[in-house]
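Chain A is the first sequence line, chain B the second, and so forth, proteins listed ahead of strands; every chain is numbered from 1.
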Amino acid sequence: MKIATWNVNSVRVREARLLAFLAREQPDVLCLQELKVMDDDFPQEAIRAAGYEAATFGQKTYNGVGILAKAGAKMENVARSFADGDDDPQARVIAADILGVRVVSIYVPNGGEVGSDKWTYKQTWLKRLSAWISAHVDLHAKVAICGDLNIAPEARDVAKPDRWKNSVLFHPDLTAAFHGLIGLGLVDTARMHHESEGPFTWWDYRMLAFPKGDGLRIDHILASRALASGCTEARVDRDERKGAQPSDHAPVIAVFNSGP
DNA sequence: ATGGCTGCTTTGAGCAGA
């Protein structure tokens, strides 16, 4: 079973690249972030024609998350937002059962600047995420928490750690939050297969960050132990960051000897 | 030291991203 996650930074602008990615990688599941569309404007027909079903949780202009699954792989128990009564106006979490795996697509707030209201919102949101997983996700079963966590957990997740130290992406409070998630019973699948620096998943559009190699690993696939024990591969599709009109994030891909 | 790009918005300067 191949699971991927990708912050596309506007599904409308990235539609051609998204379809090409599906054709190229043929993941069983693809978690998406930053759709930036209402559900009615999501390109359902094109996705269906590519052989995928989509569950989306969109909003106008900002945020928006989704899960694609190969047609024939039923998506069940779709949940949007953390729980009934969630008053967060920002669409940042969607979950579904697919092929025996609870798949969660999340888009953690960026945080603006350290100390700002957005930073507080990010911290609060991460606490809610942890509480929601504890209360509503069975981590003894097969679970994949996928998405743009906007956290580079360690120095080896940052190409230029001195430059990013104490920023909203690489900060001791975030390292603690990330380890808190891991402590619930999750495994950072990329680190099962890569001990050295990277693989990076995001490069700023500005400052020639990509050609200069100024990357961070902020997109993750966290798996419960029951799923992670069968993780045979984890990688980043770095080439997707190249060429015309790329997203600033590259897709993350993990393969498990589970399901098909 | 700063800003540098991209996408979006009841079209155009400002917000947001990270």
Side-chain angles (χ1 to χ4, degrees), chain A residues 5-18 21 31-43 56-66 88-93 105-126 129 146-175 177-178 190 197-220 236 238 240-252:
Chain A
T5 183
W6 188 14
N7 179 329
V8 289
N9 185 17
S10 170
V11 73
R12 284 180 291 202
V13 172
R14 225 66 63 201
E15 183 176 328
R17 276 183 176 261
L18 172 57
F21 177 80
C31 295
L32 297 171
Q33 299 87 36
E34 283 210 83
L35 299 177
K36 297 189 174 181
V37 288
M38 306 275 273
D39 288 339
D40 287 348
D41 294 323
F42 185 85
T56 61
F57 181 34
Q59 69 174 85
K60 187 179 168 65
T61 310
Y62 301 119
N63 310 311
V65 287
D88 189 346
Q90 304 189 20
R92 295 183 176 277
V93 57
S105 177
I106 65 170
Y107 176 41
V108 174
N110 165 280
E113 294 185 9
V114 172
S116 68
D117 289 347
K118 289 176 184 173
W119 175 248
T120 303
Y121 173 61
K122 181 177 192 174
Q123 308 276 77
T124 303
W125 201 94
L126 285 165
L129 172 64
C146 310
D148 178 359
L149 272 65
N150 271 321
I151 297 174
E154 304 175 49
R156 60 179 168 162
D157 299 309
V158 185
K160 303 182 179 183
D162 288 345
R163 170 179 164 76
W164 289 93
K165 193 173 167 43
N166 296 321
S167 72
V168 287
L169 301 181
F170 180 43
H171 188 283
D173 292 355
L174 300 178
T175 298
F178 187 87
E197 74 162 26
F200 305 121
T201 67
W202 174 82
W203 298 262
D204 200 315
Y205 282 125
R206 299 167 294 183
M207 296 163 48
L208 299 173
F210 185 65
K212 287 181 177 173
D214 185 9
L216 287 82
R217 190 175 75 94
I218 57 175
D219 301 84
H220 305 277
V236 173
R238 189 175 178 282
E240 180 53 49
R241 183 62 176 77
K242 301 175 181 174
Q245 279 194 304
S247 168
D248 43 355
H249 296 255
V252 180

A/Lys118/A/Glu113 ion pair, N-O < 4.0 Å: no

Distance check, P atoms only: B/dG12 and B/dT6, in whole angstrom units. 23 Å

With rounding to the closest Å, how many angstrom separate the P atoms on B/dT11 and B/dT2? 33 Å

In the 5'-to-3' direction, what one-character label does each nucleotide of nucleotides 1-9 of chain B receive under the scheme B = base within less than 4.0 Å of a protein heavy atom, S = sugar-phosphate only, - = no such atom? ---BBSSSS

Set of residues satisfying ring pair (Phe, Tyr, Trp, His ring centres under 6.0 Å) with respect to A/Tyr62, sequence neighbours excluded: none

Whole Å only: how far is the CG atom of A/Leu216 from the C1' atom of B/dG17? 14 Å

Take atom CG of A/Leu169 and atom P of B/dA16, then tell me their distance rounded to the nearest Å. 17 Å

Residues two or more places apart in sequence or in another chain: which of them pass salt bridge (Lys or Arg N to Asp or Glu O under 4.0 Å) with A/Asp39? none

Test of understanding: with side-chain contact (heavy atoms from CB on, under 4.5 Å), list the residues that count as partners of A/Asp40, not counting sequence neighbours. none

Set of residues satisfying ring pair (Phe, Tyr, Trp, His ring centres under 6.0 Å) with respect to A/Phe42, sequence neighbours excluded: none

Atom pair distance, as rounded to whole Å: CD in A/Gln59 and P in B/dC15: 18 Å

Contact class for A/Asn7 (heavy atom, under 4.0 Å): base, sugar-phosphate, or nothing? sugar-phosphate

Name all pairs fulfilling the salt bridge (Lys or Arg N to Asp or Glu O under 4.0 Å) condition that reach into residues 205-219 of chain A, sequence neighbours left out, sorted by first residue then second. A/Asp157-A/Arg217, A/Arg163-A/Asp214, A/Asp188-A/Arg217, A/Asp204-A/Arg206

Taken to the nearest whole Å, NZ/A/Lys122 to P/B/dA16 is 16 Å

Nearest-angstrom distance from the residue atom CD of A/Glu113 to C1' of B/dA16: 12 Å

In this structure, how many angstroms lie between the C1' atom of B/dA16 and the CD atom of A/Glu34, rounded? 9 Å

Can you tell me how far P in B/dT10 sits from the matching atom in B/dC15, rounded to whole Å? 14 Å

Tell me the interatomic distance from A/Tyr107, atom OH, to B/dA16, atom P, rounded to whole angstroms. 12 Å

Just how far, in rounded Å, is C1' of B/dC15 from CD of A/Gln90? 13 Å

I'd like the P distance from B/dG14 over to B/dA1, given in whole Å. 27 Å

For the pair A/His249 and A/Trp202, name the ring-plane relationship: parallel under 30°, tilted 30 to 60°, perpendicular over 60°. tilted

